[in-house]
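For reference, the structure discussed in these notes is given below.
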2 protein chains.
Amino acid sequence: MTQKGITLKDVAAAAKVSRATAARALNSYGYVGDETALRVLEAAERLGYRANLVAQALRSGQLPIVGFVPGDIQNPFFARIAHDIEVELRKHRHNLLIASSEENVEQEKELLESLRSLSIRGFILAPTSATDNQHIVQLAHEGAPVVLIDRVVKELQCDSVVVDNEGGAREAVDYLVSNGHDRIGLLRDDSRIFTAQERLAGYQNSLQSHGIALDESLISVARSTVEHAVDATIRLFSRRNRPTALFTVDSLMTQGALLGLRSMGLSIPHDVSLVGFDDFNLATFTDPQITVVAQPISEIGPLAARFLLERLAGKKIAPRHIRFPTRLIVRGSVAHLRGR
Amino acid sequence: MTQKGITLKDVAAAAKVSRATAARALNSYGYVGDETALRVLEAAERLGYRANLVAQALRSGQLPIVGFVPGDIQNPFFARIAHDIEVELRKHRHNLLIASSEENVEQEKELLESLRSLSIRGFILAPTSATDNQHIVQLAHEGAPVVLIDRVVKELQCDSVVVDNEGGAREAVDYLVSNGHDRIGLLRDDSRIFTAQERLAGYQNSLQSHGIALDESLISVARSTVEHAVDATIRLFSRRNRPTALFTVDSLMTQGALLGLRSMGLSIPHDVSLVGFDDFNLATFTDPQITVVAQPISEIGPLAARFLLERLAGKKIAPRHIRFPTRLIVRGSVAHLRGR
DNA sequence: TCGCGATGTGAGATCGATCTCACATCGCGA
DNA sequence: TCGCGATGTGAGATCGATCTCACATCGCGA
């Protein structure tokens, strides 16, 4: 009711000037007489005028909206990042539009298509695929600033904020080895391919550096959901010569492993040692608490948002690639095997 | 690069017709010759034409965007709902813009202000305050459809989707009483005032119906974060004559209680019985698992989205108020006290 | 054969904000 | 006193899609 339909035209009429002059007064550009400007501002105030952002966007070609396409907004990792991005954007009067790809490349393509026609200013993406990324390359070439988080696209040069997955995984496995383990299972996913590959590499590199032969049968692959991880865990530990330790590549996998092991009556760390990638609230509620590789999650969102805002402000510098180190948080889920 | 700047004008030129005819062919209205229509569609296809939604919005006054203002997107409850809403909207070619109020009325007001100038089509809100809601009433009166979730606004008649907080809380406390408890602590929050009040009422009503006098000293109030809940729990259980059971009003409170009790060396259910409002993944990972009042969380988002879409489609019926029942999930965190 | 409804198309207006261009006035230095 | 830069303002174009209105043609029934 109140300010419905108050346009610049109304303000101009109330101040008895043209729309051009009203615009000049409100946006402080060009020449405007002091007394005139005052009259316009006063009229705008009185009528409760608010510029129509859609009209502005039609002229400028851009809405003050940034698109965020995470793998899954329900994943606490992305929920936290979404929140941080939104806070940062809000400071610069931008809005955040979230569209979850649900780790599905086809859906990711469709989402980007539809966001494109919204004339969105820029994008923060966590690409689902490690290989099928032509649509993202194309998006970037059309001029919309793109910042990648969590995962990079090899063919595309743009700002990115990721985590040292290889190093984190290596540190986790090193820690297990240093506690006497050499039959170390790996529970990895097939969807977040980029990070999964890096974490797999860290696992392999650690084993190799300690002269432990890679045993493919200790690696179990599952879709990144708690349910699938439970099954994969049970499969892995139903084998005759089962692993003495398990490394899980993300927090959903870790949760699945916890449930799977419990259902098999295997206790942690007595029967199996466990280290997970990605810290999560649950890790400190279990008994024992779970040892994890923590990501600096609170830094990713704000930095990605800042990078994007700088690009939107026209900053022209070489793409920045930030790779945060991880941190091993030792709790109680790893047993020391002696004599083995 | 590709379809940058392909407008209706380009399509019309390529098909050698006017913009008006091109629009008619593409949007299937008015009279267009079959052969002409085909030529236009073919040209649009070939050029990769995509209608500019901003321009459409300027005419229609509305962008295909719905705003969602939850209390906190990091809360898994709202993250899940956000996800469900997005999926539902996407089916109808609408986008979801998420702006978290962080349980702060002032921020909620600012967010709505800024979303308003975006010409957003409708809103799904979880109002932060139980009393200060004039801005929401005003928003609704300006004509934008509003659907409330989780919490209602007494002064406003509009669609709402909430949960039977009073009944759920009553059932939880009834269950504790039926297990012989009569000194039952309550850990409640001060921010989500609407739900908190209802849950408090359920607690009071249950006690009253069993003839148990209300003891204000058994009620502890804290901000709805894990940290504050830990403190409040410790405060409550440091008293001489401590409660034999505790009811917590949301999952963050429940987590805080778990940590607080553990830090005091109190074991569940041996020393204290516990029932929490709101189920959460962690509740099944603890030992024992936590008995909770579960909300039908998977129904809230889709229903709210459907209500809003119906309003956007022009449906004119009386506001619908849906109040879902809750469900008590009995696990292992409540002990039976005999003889007491 | 005439007339009118059905069919088909384009010119131009519109949504709201902003920018360009043209024009008018003022005041100061030569 | 003249002239020109500085100052101030409005008409109208523009962004892109859509809609109204005007106009033209066609074909069928009377």
Side-chain angles (χ1 to χ4, degrees), chain A residues 3-41 43-44 47-65 93 114 116-121 142-143, chain B residues 3-41 43-44 47-65 93 114 116-121 142-143:
Chain A
Q3 53 234 75
K4 190 80 175 185
I6 298 294
T7 71
L8 185 67
K9 205 169 139 191
D10 302 319
V11 174
K16 299 194 200 310
V17 295
S18 68
R19 281 146 49 243
T21 300
R24 275 187 284 256
L26 290 168
N27 299 304
S28 316
Y29 71 91
Y31 293 109
V32 199
D34 290 348
E35 206 267 324
T36 315
L38 212 66
R39 222 166 56 232
V40 171
L41 293 176
L47 296 175
Y49 169 72
R50 326 190 64 243
N52 181 323
L53 296 183
V54 172
Q56 289 182 330
L58 180 57
R59 282 212 105 233
S60 69
Q62 295 178 324
L63 278 168
I65 296 181
R93 314 198 154 280
S114 94
R116 214 156 7 156
S117 44
L118 265 181
S119 312
I120 276 181
R121 292 203 66 187
E142 281 176 22
Chain B
Q3 54 234 71
K4 190 80 176 185
I6 297 295
T7 71
L8 186 67
K9 207 169 137 190
D10 302 318
V11 175
K16 299 196 201 307
V17 295
S18 69
R19 280 146 49 243
T21 300
R24 274 187 284 256
L26 290 168
N27 299 304
S28 316
Y29 71 93
Y31 292 109
V32 199
D34 289 350
E35 206 266 326
T36 316
L38 213 65
R39 223 166 57 233
V40 170
L41 293 175
L47 296 175
Y49 169 73
R50 325 191 63 243
N52 181 322
L53 296 183
V54 172
Q56 289 182 331
L58 180 58
R59 281 211 105 235
S60 69
Q62 293 178 324
L63 277 169
I65 296 181
R93 315 199 154 282
S114 94
R116 214 159 6 161
S117 44
L118 265 181
S119 311
I120 275 181
R121 292 203 66 186
E142 282 177 21

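A, B, ... follow the sequence lines: proteins, then strands. Residue 1 opens every chain. Note that this is a predicted model, so its numbers are computed, not measured.
Base pairing annotation: D:dG27 forms a Watson-Crick or G-U wobble pair with C:dC4, both donor-acceptor distances under 3.5 Å. If you check C:dG16 for Watson-Crick or wobble pairing at under 3.5 angstrom, you find it paired to D:dC15. Of all nucleotides present, only D:dC21 satisfies the Watson-Crick or G-U wobble test against C:dG10, with each distance under 3.5 Å.
Rounding to the nearest 0.5 Å places CD of A:Gln62 at 4.5 Å from CZ of A:Arg121. For the atom pair CZ of B:Arg39 and OG1 of B:Thr21, the computed distance is 9.5 Å after rounding to the nearest 0.5 Å.
OP1 and OP2 of D:dC15 both lie 4.0 Å or more from every side-chain N or O belonging to B:Asn52. OP1 or OP2 of C:dT18 lies within a sub-4.0 Å distance of a side-chain N or O belonging to A:Gln56. OP1 or OP2 of C:dT7 has at least one side-chain nitrogen or oxygen of B:Tyr31 nearer than 4.0 Å. Side-chain nitrogen and oxygen atoms of B:Tyr49 include at least one within less than 4.0 Å of the OP1 or OP2 phosphate oxygen of D:dA17. Distances shown here put every side-chain N or O of A:Tyr29 at or beyond 4.0 Å from the OP1 or OP2 atom of C:dT18. Between A:Asn27 and C:dT18 there is a side-chain N or O to OP1 or OP2 distance below 4.0 Å.
Across all strands, A:Thr36 comes closer than 4.0 Å only to sugar-phosphate atoms, never to a base (heavy-atom distances). Using a 4.0 Å heavy-atom distance criterion, A:Ala20 is classed as a base contact. Residue contacts shown for A:Val17 are limited to sugar-phosphate atoms, with no base heavy atom under 4.0 Å away.
A:Leu58 has its CG atom 12 Å from the P atom of C:dA17, to the nearest Å. The NZ-C1' distance, from A:Lys9 to D:dG12, rounds to 14 Å in whole Å. Atom CZ in A:Arg50 sits about 15 Å away from atom C1' in C:dA17, given to the nearest Å. In this structure, B:Asp10 atom CG and D:dC15 atom P are separated by 11 Å, rounded to whole Å. Rounded to a whole Å, the CZ atom of A:Arg59 is 6 Å from the P atom of C:dC19. If you measure from atom CG of A:Leu118 to atom P of D:dG16, you get 16 Å, rounded to the nearest angstrom. Computed from coordinates, the B:Ile6 CD1 to D:dA17 P distance equals 10 Å when rounded to whole Å. Atom-to-atom, CD of A:Glu35 to P of C:dC26 comes out at 16 Å; the value is rounded to the nearest Å.
Residues B:Val17 and B:Val32 are not in side-chain contact: their nearest non-hydrogen atoms beyond the backbone lie 4.5 Å or more apart. A 4.5 Å side-chain heavy-atom check between A:Glu35 and A:Leu38 finds every atom pair outside the cut-off. When side chains are defined from C-beta on, A:Leu118 does not count as touching A:Ile65, because their heavy atoms never get closer than 4.5 Å. Counting heavy atoms from C-beta on, the side chains of A:Asn52 and A:Thr7 never come closer than 4.5 Å.
Below the 3.5 angstrom threshold, one finds a donor paired with an acceptor across the side chain of A:Arg24 and the base of D:dG10.
Of the residues near DNA chain D, A:Gly30 and A:Arg19, the one whose nearest nucleotide (by heavy atom distance) lies more toward the 5' end is A:Gly30. The 5' end of DNA chain C is approached more closely, in terms of each residue's nearest nucleotide, by B:Thr21 than by the other of B:Thr21 and A:Leu53.
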